[in-house]
Every structure is written in structure tokens, then in C-alpha cells.
Protein chains: 2
Amino acid sequence: MPLPQTEMPGRLQAYFSERGIRMTQQRRAILRVMETASKHLDAAQLLRKAKKLDPQVDRSTVYRTLRLLKRQGLIDELDLMHLNGEKHYYERKLNRDHIHMACLRCGKIMEFVSDVFDALKGEVERDCRFHIVVSRLEIGGYCAACSK
Amino acid sequence: MPLPQTEMPGRLQAYFSERGIRMTQQRRAILRVMETASKHLDAAQLLRKAKKLDPQVDRSTVYRTLRLLKRQGLIDELDLMHLNGEKHYYERKLNRDHIHMACLRCGKIMEFVSDVFDALKGEVERDCRFHIVVSRLEIGGYCAACSK
DNA sequence: TTGCTAGTTGCAATTCAGTCGCATCTGTAT
DNA sequence: ATACAGATGCGACTGAATTGCAACTAGCAA
């Protein structure tokens, strides 16, 4: 069974060339990190990992590339309930939107996919005649283990 | 018909005294602004308005009071899709959670209350055994007028 | 009323994420 | 190979938010 397209390695780079967006050494490194990251990198972590692939990568290039990826709708920006300061976290946008839950006690981040969430977005589009481009549902609280 | 408790003027101050939280001149000014604000103040706006009631109010007191209000679950923190920079916005937590929609073109902020949203949170609590303390759904896109 | 003290405040310095201007460099179309 | 639009690195900068500390004060107890 093939992976969904958006999970294929190299998908971000492919997107760039399809759209005629210039591919540079630095972007290659940054995209590779985004593609292979397990989850939720902040800009500083992304910079550190990208530097390992290409020591030339600069902080401002990371931010500029993140802005580009956001504008292309290829990544989502999260703040994970500001559990660790004001910085933002990034993850590849996959096929299906999901909810993020952050445990206020242990700091664990959980994800949850739900038809009800999709239905809610449909309701907003219909009832409010609002065309959704990006949505973010973040929940803070206590996970099963920490609730006891 | 009486207003719901959380919309009664003085409710925040009442909460403070009930909990034995010390009431100061400065806090009184800040709480009054939060209570009477129509919507979505950022910290700088809140400071400006509070200074009009009590010129003594300092920026750090505003931030410290906001932190206190957040911890008490009396206000919600939003970023409104970063339409205007990285600052945060605050609003009193009312009886019913609502969704925030931000138009990426005209900047209008809309709110939407939905049973489906409540159902979704119920689903998260049940299926993930996650005890929700705070939740935030922010949507970016195009409003009816700007979609045309 | 007075005095006590834990909690609060103002201030200035600081942190920290993110942005910008500009000279230089490079990917890509020709 | 060449040209040039677009991308980069660097350091300075911005703006939101935090902090350390001395001075102040709300609220309580006597």
C-alpha cells in the first residue's frame, strides 16, 4: 500500500519544483528536516537540525522558509498552549486536520482526528459562509495518566 | 431577565474576594477594563485603558494580572491567527466557549457558538480520557463579503 | 487603631522570538 | 556562458513579555 502523497519523502521539494519555486541548498536542508521530523519542531530546533545537513543555513533563512511554507499551506503553525514559552511549533500539513491536546501537567502532546471536527468545519463554512483556509484547535488539560 | 453571572459587572472582582485574592487599586482598574471591554484586547490596549482609570498601573502589573486571570480560568488567550503580529489578545471567559474566525483579507473577527463544538469536546474527553481545562479553536479564511 | 507581614507593585534592565536592510551570492531560464 | 530575479548571511533591530529587587500596601490580628 503506497503512503499518501503528502507523507512521501521529497514531497515538499517536489511541490516546490512543480510551482517553480527556486530550490536552494539551504531550502533543501530545511525541507528535508520538515519532511523527516517526527513532530512539532520550533524554529530553533529546525535551525539546529538543518545546520547538521548544511552548516550554512542561517536563522533568518529558516524563518523566511517557514513563512513561505505557511503561505503555500504546506505546514501548520501551533503554539501548543504555550507550555514552553511563546515560541511557535511547526508540522507538515497532512491529509487530515487534527486536534492537538497538551497535558498541562506532564507536557505530553496528543493528536486526535475526528469526523466531528470535520463536521464542525463544514458547519462553519455553511452557516457562516466562511471559506476556511487554515484552522487550529488546541486543547489544554490533563491526560488520562495525569488525571488520576 | 438577569444577565448570566459571568456577564455581571463586578463579577471578576467578586471572584477575587471570594477566593481571598488580594484586591489592589491597580487590579481594580485592570479588572474593570476586562469586564467592560467589548472584545479582544491586547496587553498594550489593556494597559492604556487601565491607565485612564488609574494612571499608576504599570505594564508589568498588567502582565502579572493577566497571568493570574489565566491561571484562574477567568480569561481566554487568543492570537487571532497573528493577523497583527505576535501579540496575544484576551477576553473574559463567558459561559459558552466559542470559535474565532479571522478574515485573512479584511481582518474582521467573527465568533461562532456551536453544539457541534461542544460535542467535539465531549468526544475528546470521552475517547481520549482527556480532562479539558481550556480549548481554543481559531480559524483563518475569507468571510462572506471577501469570498466574492 | 496600630503594627505586622505576605503579597503586590514600579522601574529598569533583560530575555527571547522573530524581522529587516543591504551587500553578496546563486538557481534557473535564455 | 550569461544575466538577473530572487535568495542568502550577517548584524542590527523590534516588540512582546519577563524578571530582580527595593519600596509599598491590603488585610489581618491584637
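Below, read A as the first sequence line, B as the second, and so on, with proteins coming before strands; counting in each chain starts at 1.
When each of B:E77 and A:T65 is assigned the nucleotide of DNA chain D with its nearest heavy atom, A:T65 is the one assigned upstream, toward the 5' end. Position along DNA chain D of the nearest nucleotide to B:Q26 versus A:R27 favours A:R27 as the more 5'-ward residue.
Here A:E111 pairs with A:K39 in a salt bridge; the nearest charged N to carboxylate O distance falls below 4.0 Å.
For B:H88, no side-chain nitrogen or oxygen approaches OP1 or OP2 of D:dA16 to under 4.0 Å. A sub-4.0 Å separation between OP1 or OP2 of C:dC11 and a side-chain N or O of B:S60 is absent. For D:dA17, one of the phosphate oxygens OP1 or OP2 lies less than 4.0 angstrom from a side-chain nitrogen or oxygen of B:Y63.
One can place CG of B:D58 at 12 Å from C1' of D:dT19, the figure rounded to the nearest angstrom.
Using a 4.0 Å heavy-atom distance criterion, B:R64 is classed as a base contact. The residue B:A44 sits apart from the nucleic acid: no heavy atom pair falls under 4.0 Å. Backbone-only engagement by B:Q56 is indicated by non-hydrogen atom pairs under 4.0 Å involving sugar-phosphate atoms exclusively. Using a 4.0 Å heavy-atom criterion, one finds that B:T61 contacts the sugar-phosphate atoms exclusively.
At a cut-off of 3.5 angstrom, the base of C:dG10 holds no donor-acceptor pair with the side chain of B:R59.
Of the possible polar contacts, none joining the A:R136 side chain to the B:L137 backbone as a donor-acceptor pair under 3.5 Å is found.
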